[in-house]
Amino acid sequence: MRFDVVVIGGGLAGYAAAIRLLEAGKSCALLSMGQSALHFSSGSLDFLNYLPDGRPVADFREGLAELAELSPGHPYALIGIEESARLALEAEEAFRRWETPLSGSLAQGSHFRLSPIGKLLPTWLSSRDALVAEKGPDGGPHWPYRSVSLVNVEGFVDFYPEIIASKLAAYGLKVQERSFTTPDLEIARGNPSEFRSVNIARVLDQKDNFNLLKDFLRALAPSSDLLLMPACVALNDGELLPKLSANLGKPVKLVPTLAPSLLGARLNRRLARVFLSKGGVLMPKDEALGFSFAEKGSGPARISALFTQNHEDMPLAATHYVLATGGFFSQGLKAEPTRIREAVFDLDLAENPGERAQWTRESVFQRQPYLSFGVKTDSNLDGYWRGAPIANLKVAGTLLGGFDPVRLGCGGGVALVSAFRAARAILSGEGAA
Amino acid sequence: MNPLLKTNFEACTKCAICTEYCPVSEAWPPFLGPKQSGPDGERQRLKDASFYDEVLKYCTNCKRCEVACPSSVRVGDVIALAREKYARGSFSPRNAILSHTDFVGSLATMAAPLVNFGANLKIVKFFLEKVLKIPAWRTFPSYSQGTFRNWFFDKGPSQKAFARRLSFFHGCFINYNNPSLGRDAVRLINALGLGVDLLESERCCGVPLVSSGFFKDAAANAAVNDQSIQKALLGAERVVVASSTCCMTLRDEYPDVLKLNNENWRKKVDLLPRYIYRLLEEGLSLKFKPTPMTVAYHTACHMEKLGWSAYSIELLKLIPELKIVLLPSSCCGVAGTYGFKLENSQISQKIGAPLFAEIAKSGADLVVTECETCKLQIEMSASVPCENPLTVLARALDDGSGGDASP
Ligand SMILES: Cc1cc2nc3c(=O)[nH]c(=O)nc-3n(C[C@H](O)[C@H](O)[C@H](O)COP(=O)(O)OP(=O)(O)OC[C@H]3O[C@@H](n4cnc5c(N)ncnc54)[C@H](O)[C@@H]3O)c2cc1C
Ligand code: SF4
Ligand code: SF4
């Protein structure tokens, strides 16, 4: 089957690139082996929280400049720091166009969110439903609330209301804790190991249950500036809580829970929907297995066909390919006994991983070298094979080498910036071709 | 090899994403869900068979859990294998009737007008519900007068002249309930310049038997089909199938659940739209006339698992003026014979509700899907006609015959 572009990987980077290309009129297929890292992430997208030497980033643009000095192999540095900032704005614009509103922007600088265990973390873009705080003049969070009703679902253990409450109390907020249930939730609770955020949401989002929740929150509204819940409601509909907030006259906000994470899952579902609505061809549960090169001409090598699990002897063919298969976590990279391998094409890596003993450090709190492994590219994000660029393969997202998304807090930003960079390179014919 | 090992169940990281996508646990939380019924439960069952929970029979075998799993665990297969190994269900005449589609189908087709009339009579429906536990409000598939096979051999267009041949696995639904889909398939294949054979002896693929727990009967059917397919491939270049579920069963459930080694023919069994696509890529052609209407494409569960929706969608795009809306993938709830069982019927309708809403929103004149039980469910619940893409393609064929060639 032939397309203008085939995107491999259904995470943030793959979808962003694919939708951008569809918008520009390209025909596009996207294959994904399984659900992506978004299902495990907070749903807030980080741009750059720390520098490689551990210092926190106070201002995004200054941070970028320092990053380029300290870590010239980081994708932002490779793409160019001016260009990266511009692409980040393009991403912000795109989410508005895709009717997937997020709060935050590069221009405003970072805002704060809470982790599932109550840690205050800076970030770039958040779901409108997430509890966030602007950065105050002292550099700490500015909470526009005084009294908070924190409502947990009875029996839900992937969320720690006491910790969140004490954290908010430490900022001077007055917190009253409540717990909520419905007869249907009690039934679901009968299966405790599956009483997880998204599964609770599937019960709570049903009209009867949601109405019970609404009544419960309505009773608390007069005594609260904020109605706060763990992220276990509104799995499919980003308008549900803004509407509820308007109805109650008080904001209803969510704190991310342990995985699976509803706000991340919802963003993933939303991107899939936008992709389909723009005519993209989705191939869920298909794995890219191998490829063939076009007959050798004079220029750089070109991929002519992509073999997949489901399509067997009928490979997919495209003018361009985008590889966004994530890192080890999503199996874009594989650790073999003596080497690290990019799983589909065996692309060149950005740095030599060295001996197996050097891939990891014993203490989980130390920097883990394997987290920054990834594939080599140039500023156009061309993938390299045996030392030479491939003319029609771009790489985006966590699969890129030269950065550690966890340590630097830049996973979401790199995914989006590189996706838009790859799309633009394809649209303008930049790169090895 | 022990089929359980092929399920990769040890790779489960307990992330619970499968449960997020399971339509049954959404509609009915007491179902343990794929993680718990599948890999988690299996670890316990391997230690002690008494951990087997009869609630596993509520799994529809839709395989959406497998599609979602980031670690490539074949969750649905783990559950099916556990049911085969541990379930101690008592015999139910209802399950026997619903699942033995060959036997019931041949009886019913002989007496089609009576059965169709009877199945929708109040008194009969009362009996169905009270005695057989089949919900009274369900519309039954009507049985046609005369099977597809009879039409093919008695009245069908002669297939002698064609040098290249495909063997058509029609399945029960085409044979007993919807022969016109079979005629559409024949017409499309002939329009490409290829001839059609039928398998010398064709049994139900076995999927309804598997889902009702009749594993032995299913394996017996598989053995017959295995022989017929091998024989057919001596003369035909492929065995082609119109129904996504039959196709998935022949290719994947035979080796993975029914323990039949089909290595030597698995890749020669193809869904017909995919094979048509291949023939077009080879250079054969089909001509379509403008068909100004809107169709909504629904990805049936087993179609999602096969991963071949794109072929049907790309073929439909060849029809001038046809507008195609892609429905977000979600289960219609009927899951084969599942929705025909009273204890499942409310779960079944609840599962389908989001899909029915999407269909209404799409404004489509027709829903298109490769699954025949989805067709029953959608026509009953969404009140929009539903056809296999092959029917849409055949109706749009510009072969000079003008419209449906069949009576
Ligand atoms: C647990 C966890 C939490 C995180 N939390 C945050 C956070 O809060 N904020 C933040 O900004 N970043 C976070 N990150 C970083 C996160 O990885 C990035 O933000 C971003 O989501 C990565 O997107 P991606 O598209 O590059 O890769 P992924 O999301 O990993 O997607 C890769 C996709 O490719 C598919 N795939 C892999 N191989 C193949 C193949 N051969 N064929 C077909 N498909 C294939 C996978 O199934 C998957 O769908 C987190 C990461 C992890 C692992
Ligand atoms: S999605 Fe896969 S890995 Fe996750 S719990 Fe289910 S079976 Fe296990
Ligand atoms: S096969 Fe379908 S019904 Fe059964 S557990 Fe998996 S998702 Fe649920």
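Order of the sequence lines sets the chain letters (A, B, ...), proteins ahead of strands, with each chain counted from 1.
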Check your understanding: So, for A:E194 and B:K35, which heavy atoms are closest and what is the spacing to 0.1 Å?
Key -> OE2-NZ, 2.9 Å
Point to revise | Nearest non-hydrogen partners of B:G307 and A:N310, listed with the distance | key: CA-ND2, 3.5 Å
Check your understanding: Closest approach of B:T19 and A:N199, non-hydrogen atoms and distance?
Key -> CG2-ND2, 3.3 Å
Exercise for review: Among A:M33, A:Q206, A:R196, A:R202, single out the residue with the greatest number of heavy-atom pairs under 4.5 Å to chain B.
Suggested key: A:R202
Exercise for review: Answer yes or no: is there a side-chain heavy-atom contact under 4.5 Å between B:Y275 and A:M314?
Suggested key: no
Review point. Checking heavy atoms, do the side chain of B:S25, its backbone, both or neither come under 4.5 Å from chain A?
Key: both
Review point. What pair of heavy atoms forms the shortest contact from B:V67 to A:P284, and how long is it?
Key: CG1-CB, 3.9 Å
Point to revise | Contacting moiety of B:K63, where chain A heavy atoms sit under 4.5 Å | key: neither
**Study point:** For the student: nearest non-hydrogen atoms of A:L276 and B:P328, plus distance
**Key:** CD1-CA, 4.2 Å
Point to revise | Worked verdict on A:D313 versus B:K267 for side chain to side chain contact (heavy atoms under 4.5 Å, CB included) | key: CA-CA 9 Å; A:D313 64 332; B:K267 290 188 176 168; over 6 Å; no
**Study point:** Region of A:L235 in contact with chain B, defined by heavy-atom distances below 4.5 Å
**Key:** side chain
Study note, to complete from the structure: Nearest heavy-atom contact between A:G280 and B:L326 is O-CD1, 3.8 Å
Check your understanding: Heavy-atom distance under 4.5 Å to chain A: side chain of B:R64, backbone, both or neither?
Key -> neither
Practice item. Select one option (side chain, backbone, both, neither) describing which atoms of B:K14 are under 4.5 Å from chain A's heavy atoms. Key: backbone
Practice item. Give, as side chain, backbone, both or neither, the part of B:Y311 having an atom under 4.5 angstrom from any heavy atom of chain A. Key: both
Point to revise | When A:R2, A:R189, A:H311 are compared by non-hydrogen pairs under 4.5 Å with chain B, the top option | key: A:H311
Practice item. Answer yes or no: is there a side-chain heavy-atom contact under 4.5 Å between B:I17 and A:F40? Key: yes
Check your understanding: Given a strict heavy-atom distance threshold of 4.5 Å, which part of A:Q309 is in contact with chain B: side chain, backbone, both, or neither?
Key -> neither
Review point. For B:S309, is it the side chain, the backbone, both, or neither that has a heavy atom closer than 4.5 Å to a heavy atom of chain A?
Key: neither
Exercise for review: Name the member of B:E304, B:E314, B:R274 that forms the most heavy-atom pairs with chain A at distances under 4.5 Å.
Suggested key: B:R274
Review point. Between A:D205 and B:E26, is any pair of side-chain heavy atoms under 4.5 Å apart?
Key: no
Exercise for review: Could you look at A:F3 and say if it's the side chain, the backbone, both or neither that has a heavy atom under 4.5 Å from chain B?
Suggested key: side chain
